[in-house]
Amino acid sequence: FRFTQLGLGWLLRELYLADAPATLAFLRGHLPQLSREALRYATEKMPARLASRLLREHAAVAIPARARR
């Protein structure tokens, strides 16, 4: 599971450069399912304010890893 999330984060990071609106829509639609690590990678190339906002939104809706098992 971890490496799938990691790969998704890398993919979204690069996709953001090509199609930012679609990437942001995907991220916001799937925040509860994303690990924090995946989101951190996905937001690496975003402006700092946007990345911070997404990480705060994720903290508010994320399902704890223990509950996903």
Side-chain angles (χ1 to χ4, degrees):
F1 180 77
R2 177 178 180 230
F3 294 111
T4 304
Q5 289 275 321
L6 191 71
L8 178 63
W10 293 343
L11 176 73
L12 291 168
R13 176 186 62 206
E14 299 306 319
L15 181 61
Y16 175 78
L17 298 175
D19 191 351
T23 305
L24 292 171
F26 180 87
L27 285 170
R28 287 203 165 102
H30 294 87
L31 276 178
Q33 293 83 29
L34 290 172
S35 68
R36 185 153 183 93
E37 183 177 33
L39 187 59
R40 268 196 348 262
Y41 281 113
T43 59
E44 276 183 351
K45 295 186 179 181
M46 294 180 185
R49 293 182 81 182
L50 176 58
S52 295
R53 187 177 328 133
L54 284 169
L55 288 167
R56 282 194 309 272
E57 289 175 22
H58 179 262
V61 299
I63 301 166
R66 290 186 299 270
R68 279 188 253 143
R69 293 182 189 161

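Below, all heavy atoms of this structure are taken into account, side chains as well, without hydrogens, waters or symmetry copies.
Summarising the geometry of S35 relative to Q5, their closest heavy-atom pair is N-OE1, 2.6 Å, with the distance given to 0.1 Å. Residues L50 and R28 share a closest heavy-atom pair of CD1-NH2, 4.2 Å. Nearest approach of L24 to M46, heavy atoms of both residues: CD2-CE, 3.9 Å.
The hydrophobic cluster containing F1 does not contain L6, counting ILVMFWY residues as joined when their side-chain heavy atoms lie under 4.5 angstrom apart, directly or transitively. L15 and L31 end up in the same hydrophobic cluster when Ile, Leu, Val, Met, Phe, Trp and Tyr side chains are linked at under 4.5 Å. Side-chain heavy atoms closer than 4.5 Å link hydrophobic residues (I, L, V, M, F, W, Y) into clusters, and following such links, possibly through other members, connects L55 to Y16.
Put simply, the side chain of L17 reaches to within 4.5 Å of the side chain of E14, judged on heavy atoms.
Summarising the geometry, atom CD belonging to E37 is positioned 11.5 Å from atom CG belonging to L8; distances are rounded to the nearest 0.5 Å. L12 CG to L39 CG: the interatomic distance, rounded to the nearest 0.5 Å, is 9.0 Å. Going from atom OG1 of T23 over to atom CZ of R13 covers 12.5 Å, rounded to the nearest 0.5 Å.
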Show your working on side-chain contact (heavy atoms from CB on, under 4.5 Å) between E57 and L27 and close with a plain yes or no. CA-CA 10 Å; E57 289 175 22; L27 285 170; over 6 Å; no
